[in-house]
Amino acid sequence: MNIGMINLVLLLSLPIVAGLFLAAIHKPGIALKLHAGFAFTEFLAALGLAFSRPEPTRLFMVDGFTLCLVPLTAFILFTTAWFSHGYLAHDIDTGKIQARHLRLWHVLFQSMALSMYAALVSNNIGVMWVAVEMATLATVILVGFYRTHAALEAAWKYFLLGSVGIALALFGTILLYFAAEPLLGQGMNAMTWSRIREVSSQMDPRLLRLAFVFLLVGYGTKIGFFPLHAWLPDAHAEAPSPMSAALSGLLLNIAFFALLRGKMVLAGNVAAGMASSLLILFGLVSLIIAALMLLRRHDLKRLLAWSSIEHMGIMGVAFGIGGPLGSFAGLLHMIVHSLVKSGLFFAAGQTIQTLGTQKISKIRGLSASHPRLAILFGLAFLAAAGLPPFGLFTSEITLLVAATGKSAWLGLALAAGLLIAFAAIILKLSGMLFGEPVENPPPTHPVAISSVPLALHLAIAAILGLFVPGMLWGFMRDAIAMLG
Amino acid sequence: MNGFENDMAHTLSGVMLLMSFLLLYQRRIPGLIHAFAIQAALLGIAVSWQAVMQGEPHLFITALIVLLFKAAFIPIALLKLIQRLSVPQAVEPVMAIGRTMLFGIILCGLSLAVMQSSPQASALIVNEKLAMALAIVLLGFLIMIARQNAVAQVIGFMSIENGLVLAAVEAKGMPLIVEISVAFSVLVALAVFGLFMFHIKDRFDTLDTASLENVRGEELP
Amino acid sequence: MEISILSITLKTLLQVLQAFLVLAVAPLLTGWVRMVKARMLGRTAPSLFQPWRDIFRLLRKETIVAPSASRLFTMAPTIIFVTTWIAASLVPTVMVKLPLAPVADIIALIGLLGLSRFFLVLAGLDIGTSFGGLGASREAFISSLAEPAMMLVIFALATLAGSTDLPTIATYMAGSGGMRLSLLFAFIAFLMVAVAENARIPVDNPTTHLELTMVHEAMILEYSGHHLALIELAAALKLLLYIGLAACLFLPWGMALPGQAFPYGFAAWGAKLLLGGAALAALETGRAKMRVFRVPEFLGGALLLAFIGLLLAGV
Amino acid sequence: MHLFAILFLVFLLATISVAALVPKWQRAIAPFSLATSATVFFWMIAFLIKDAAPQEISFPLGIPSIGMHFGLDGLSAFFLMILGLSGTVVSIYALSYFPHEKEPGRILPFFPAFIGAMMLVPLARDAFTFLLAWEAMSILSWALVMAHHKEHGTQHAGYVYLLMASFGTFCLIGAFALLTAASGGLSFSAMQGAKLSFGTASAVLVLALAGAGSKAGIVPLHVWLPLAHPAAPSPVSALMSGVMTKVAIYGFLRIAFGLLGASIWQWGALVLVIGAITAVLGVLQAMLQNDLKKLLAYSTVENVGLIFVGIGLSMTFHASGMEMAATLAMTAALLHAFNHSLFKSLLFLGAGRVLAATGTRDLDKLGGLMRGMPLTAWTFLIGAMAISALPPLNGFVSEWLLLQSLLMGPALPQALMKILLPITIVSVALAAALAAATFIKAFGITFLGRARSPEAAAAKEFKSPETTAMFLLAGLCILIGIIPQAVLSLISPAVSHMTGATIQHFAVSNLLFLVPKAAGSVSYSGIILLLLLGLGGVAAFALLRILASNKTRISPIWDCGTPDNDTLAQYTAGSFAQPIRRGIAAPLFDVREMVDMPPPSDMGTAHFHLHMQDLIWNRMYAPISPFILGLADRLNKMQHRPTRHYLMFMFTTLIILLAGIVLWK
């Protein structure tokens, strides 16, 4: 067992240990701190994985694409845990959640973490599906955690749509097996992703197309592509903010990751063309519709949720275009969007607790009333709007160049979508940051949320916009080569 | 694998598809539940048949789960739920039954067409089975959207799952089926649990899903 | 340029002479116009030297300044006078090539006049009276139409002559220029602009103080004494400049080319001034002043003619 | 390596903003940006005078497979020189301006970074770096515009600005993307060799014109400019109007000449026409403004139009093989760009002082400031004269050069140009004349006459770095006006980079005379002209001494015998503009004036109604927002549906895709 394997085992077992351990801790203060500590150890394990990775097995594999996302996921889970320290404490103070439910929270949170890690390191399309399904289950309950009528309803909607999506993805997975089985023989080989990819050029393109359609509609529901997106705004708006952050920043990525594993299989096949076209189509439609919908949002968290749909659309186009530029843009966008969007939800959570409202019309003049919060809040929004120096700027420019290179009309449509989205985000941001502040009742309990997680996210997003470290670039190159 | 074994599997799938149509046809909730139970039982038999045919004993576990959980436990639980709520037992069809049936037939045609378009040299029959599984999945989906009733929706969902399990067991030698079906059962359980939670906890007096959708979007400013 | 002290001194002297020549002649020209006008109306004409007398009278008088006047108000007359004077002395009169011709071409000349007007209009605004503002506003309006028209005339000429250098144009016109349709249009436009720029009937009336019709006079209402003298002198210089410009640009015959003796030049220049003045007087006698808001049509006409001239010149 | 040091400086400038977070260090911001800007300025002067060889450098940053490339050549250095100079002067102004700003925390962090970002643009040598700097420049200036966020209209201004900036950036991205698609690289050196079809190249040019032009303020993409420039704090307005528009012009030149080679005359014609329209509409709008800073902003639009006229001419000449004319036109354009950066900064700084002293930019509340603020007034006057293109100041020189290059137009072979040139000439002449009228109004109404409000009457000024900055600029306006030849050697490296020649190739200007074309053809000497004016002044003074009585008496206003002591009886900004509004602007702005007179016996007041609309805004921009919002509203209905419908969406999607598979070949 080499070090890589130890890292992998650690990564997958730590959440279990943490979940079991935290299930036994009754005191919220300690539990919240411990939770952050556990998340940090997971992050360390994930980092370790980046430095020494195990040999692929039939169940697990760590490649460049995995490593683009594993440390990121672990990092965001860690910062989310850090953020929830202050956030949930305030929720307990104000009675929005009960202290005894915190144990459930931690268990579910860790099982979500586990399933996400499992999905990322899986080398088996079945395991990956199970992992994504588990993640869905855990998050459904977390989304409904406030148990208000709205929250339960959002959770139910999420559950229903997500389950159907998951079911369709399973059908796609089975079809993939069907396509691989004649070449790789019955049994585990035909479900081992790395093996499937090796023989993909000889697979029946029609069966692959069919499989991809199911994967696209299935995982696409979890990604939030329009018109499969309906659960997403509700779930993000009603979930506790740390959960919204994890949903937008991580879970969507995981679903995208699963879909892209499918696309990588197709990359070597003549069916690749259809996969690319469909991704571009879904991406573009999602982008443009979400951009328009952003204009009419009145709720801060729904705004952010729609912005996630928009960004997923951008990634869809990027990965659909593919090639060195397109895939790079997609990967960078994926990474930075996770950081920025989860950061934005941190900022939103803090704002909502401070002002006691999540209605955009009630948030005004933040830069005058809460200057320190406003700086980070504004920066996060600007980052999400794709302004420099944050990484989304880099990825969007690269993408636009790649898109225009493919077809000038595609570039034009993309630019139109991006411009509308930009207009909407800035319109809302400007109203929230500037002008005379609205008189909101002061919070009944002090809000003690650390700004460090958000600042960290923004700093990394900014660095990635200007400089992609050599190691990450190495991982990305692997992934780009596979994405085709 | 000889002809008879295939024919048997084929027949079972065919009957399951028929049950899907029956599900579409039901106007009353108990009827719906009964039809589903039968479909689940048929699935259990089909899985067992595959277990025998492929010589894969672990498939029996799947069969057992299907039979116990879906063909027995869930239908009973649902029937109890309905009795306790004593709500009107009619399914509120959003789409006229006849039209739904017609649409279902089109869906069957579509699944056949999709599968025919991929004639893998070795496995024409497999394709046909897959087509039936796909048709069951699509019909389950159709139930979910054509009936505005929470029980009907859950049953539609479970019917989708039946199709999936059928497809999975028919894939020769597909590993992890057990794990997948267990995972799926959890989903189903959660669905039923969700139903209970909503309808018993809040004492709704109807199963019309419209009551689940008060807070559909966001409030205006 | 030859570096010889003698030639430099000679040239400087020549230029200084030219400057004082135009200064001396300008009020006489104004007097001449008034004389001809009076004759045409059947009145007894004032002396040719009356403008000079007026100027000296004003110089001797006490200067009155309003309390709200700023430094600009007292400086403006000098600036207006000096710029107009310099501009006027840069226009070739008796000979084509003045020593200082390379300093300013015709565009720069128009620029100098613009500078003078800039201060004139500002002076009109300075005291803060309604009449001053009225005059300033109208003057700004008139000049913003007249200047483009003037520029087009210049371009029409320059396109033909290949340069905006005054001697070059004059030489060209005296030589191969001759009659061209484009020049006719340009000339008419030039005359219209000249009338407007000099505040003459039918655009403005230099002798009126009727409130609603004043333009130029309204701006200088508050001036008196030596301020007014300078402004009157500048107005006279401007008239001379325009008639001189017309003579130099459109009717350069008789001017002394480089190397030629210039007695004939003198005669030709004098004749042209007399003729121009008489023509102006005739025009002013024959026509009535138009309403202020008819002026854009008038100047628009000039602009159009100049434009046609330019089109014809370019093709 | 020089370039590296410059980059380091610029980087320092861009990151010093962190210091502004520490209150104690805030005071160091302005001196720091002063020092760095001045260093860049002198460095660039040295670079340009030496006509040093271009330099390039690249770093493994940005997009990893491409990296970030930087470079310095004549064109970049010239614009960096402008940036350095304005940065220096505005920083001097800021030394005493920032301390009395209400919320310095909203300006200080962004101020040096803004200068730094602008400096980065000319240094960029690949599309990514260029766009990064460009967008950073936009966003930082937006932050600065939002500094006075509570003032009415600022939010709208900032929003429109950022949107238009973003639009421009997208256009530029499109231009670069097309170039990249043809050349396979994002770096400028790769793009230069790209083989483009006429259609693609023209698309690139139009996109570049729209992208850079929207930032520069060409009509009809200028709408943000008169909103945003005035809303910013005055030193920032000075930077935005004075130099950010120049950076935009640099961007256009870099693409049109540097990357495309400006090889097609139709492009020049397009730029020429747009420039002419911009100049006339800009100045007309300026004339009609009652807000001092808005007036200045619109005048920026006009000047940008003039610069684009020069560029368009140069492109046309260049494409037609007329190198001398192309060089002359480009020299005129660049000189005007430089000049405009000087006098527009000067005017905005002056407006800033007026605003600070009186609290208003409304011309109808100003007046008579020459008494209380003579230093500001005189420097402002010089700026106003320079921008009105009056000799012997610098504005005249550049317009003179522009007219001289226009005069070479008849030699162009294209038939279209025969009609475009006269139109351009009319436009340029009209713009120049109207500019003079506009600045008479700006200066006259603000500084002359009697105070129209108590604040204006009480306005005072003190000597401070602010006046120093304004004197510096005014001095430069005069200096360049009288010896423009000195600046030519700074412009030549930039011009030769584009047209392959400098005007010194064709005719040698000496210390006294500016000779733009062949020797002996036409010349201008600002210094002798100034000398003559001085001599004439001395002569006049002497004559007055000898001949005049020189007795002066202060006495009440005469005003034709009907003096009105009410200061409101003075001409206002609106009434000053009335003849032009009626006579020239009426059809373009749908001007309608109505007077409600009371009935004959009624002693009540009469009311004057002025109806005026910006047709460009109302026809082009105003409909966009309802259209998009209408679309959004229609889509929004999808939000409020039962879950079943959402399932139906999924189902339909799936069915359509399956059907698609069946039909897929």
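Order of the sequence lines fixes the chain letters, A, B, ..., with proteins taken first and strands second; residue numbering starts at 1 for each chain.
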Name the member of D/D633, D/T169, D/T129, D/L178 that forms the most heavy-atom pairs with chain A at distances under 4.5 Å. D/D633
Tell me which one of A/V468, A/T394, A/V401, A/L332 satisfies side-chain contact (heavy atoms from CB on, under 4.5 Å) with D/I63. A/T394
Approximate separation, where rounding is to 0.5 Å, of D/L658 CG and A/R209 CZ: 13.5 Å
D/F170 and A/L400: which non-hydrogen atoms are nearest, and at how many Å? CE2-CD1, 3.3 Å
Does any backbone or side-chain atom of D/L186 lie under 4.5 Å from a heavy atom of chain A? Answer side chain, backbone, both or neither. side chain
Please classify the contact between A/M274 and chain D as side chain, backbone, both or neither, with a heavy-atom cut-off of under 4.5 Å. both
A/L387 side, atom CG; D/I139 side, atom CD1 - distance, nearest 0.5 Å: 4.0 Å
Would you check if D/F649 and A/L228 make a side-chain contact, meaning some heavy-atom pair closer than 4.5 Å? no
Contacting region of A/L325 [heavy-atom separation from chain D under 4.5 Å]: side chain
Flag yes if more than 12 heavy atoms outside D/F59 fall under 6.0 Å of its CZ atom; otherwise flag no. yes
Residue A/A368 versus chain D: region with a heavy atom under 4.5 Å: both
What do the steps show when you test D/L654 against A/F214 for side chain to side chain contact (heavy atoms under 4.5 Å, CB included), and what is the final call? CA-CA 8 Å; D/L654 182 65; A/F214 275 95; 4.0 Å; yes
Can you find a heavy atom in the side chain of A/F225 that is under 4.5 Å from one in the side chain of D/T653? no
At a 4.5 Å cut-off on heavy atoms, which part of A/L464 comes close to chain D: side chain, backbone, both, or neither? neither
Indicate yes or no: at least one non-hydrogen side-chain atom of A/R206 is less than 4.5 angstrom from one of D/I661. no
Minimal heavy-atom distance between A/G405 and D/A181, with the atoms involved, is CA-CB, 3.8 Å
Distance-minimising heavy-atom pair for A/P388 and D/A136: CG-N, 3.7 Å
Rounded to the nearest 0.5 Å, the CG atom of A/L466 sits from the CG atom of D/L132 at a distance of 6.0 Å
What pair of heavy atoms forms the shortest contact from A/V217 to D/M650, and how long is it? CG1-O, 4.4 Å
Between A/S367 and chain D, which part of the residue has a heavy atom less than 4.5 Å away: side chain, backbone, both or neither? both
Approximate separation, where rounding is to 0.5 Å, of A/L278 CG and D/L657 CG: 5.5 Å
Could you go through residues 417-436 of chain A and list every donor-acceptor pair under 3.5 Å that involves a side-chain atom there, pairing it with any protein atom two or more places apart or in another chain?
{"residue": "A/K428", "atom": "NZ", "partner": "A/L295", "partner atom": "O", "Å": "3.1"}
{"residue": "A/K428", "atom": "NZ", "partner": "A/R297", "partner atom": "O", "Å": "3.0"}
{"residue": "A/S430", "atom": "OG", "partner": "D/Q155", "partner atom": "OE1", "Å": "3.4"}

Using a 4.5 Å cut-off on heavy atoms from C-beta on, say whether the side chain of D/P64 contacts that of A/F328. yes
Got more than 12 heavy atoms from elsewhere within 6.0 Å of CZ, D/F198? yes
Among the listed options A/L160, A/I289, A/L292, the residue most often paired with chain D at heavy-atom distances under 4.5 Å: A/L292
Hey, does D/Y646 have a side-chain heavy atom less than 4.5 Å from the side chain of A/T221? no
Under 4.5 Å to a heavy atom of chain A? For D/S65 that would be both
Rounded to the nearest 0.5 Å, what separation is found between the NZ atom of A/K157 and the CG atom of D/L647? 10.5 Å
Are any non-hydrogen side-chain atoms of D/L629 and A/R296 less than 4.5 angstrom apart? yes
Non-neighbouring partners of D/E103 that pass salt bridge (Lys or Arg N to Asp or Glu O under 4.0 Å), sequence neighbours left out: D/R106
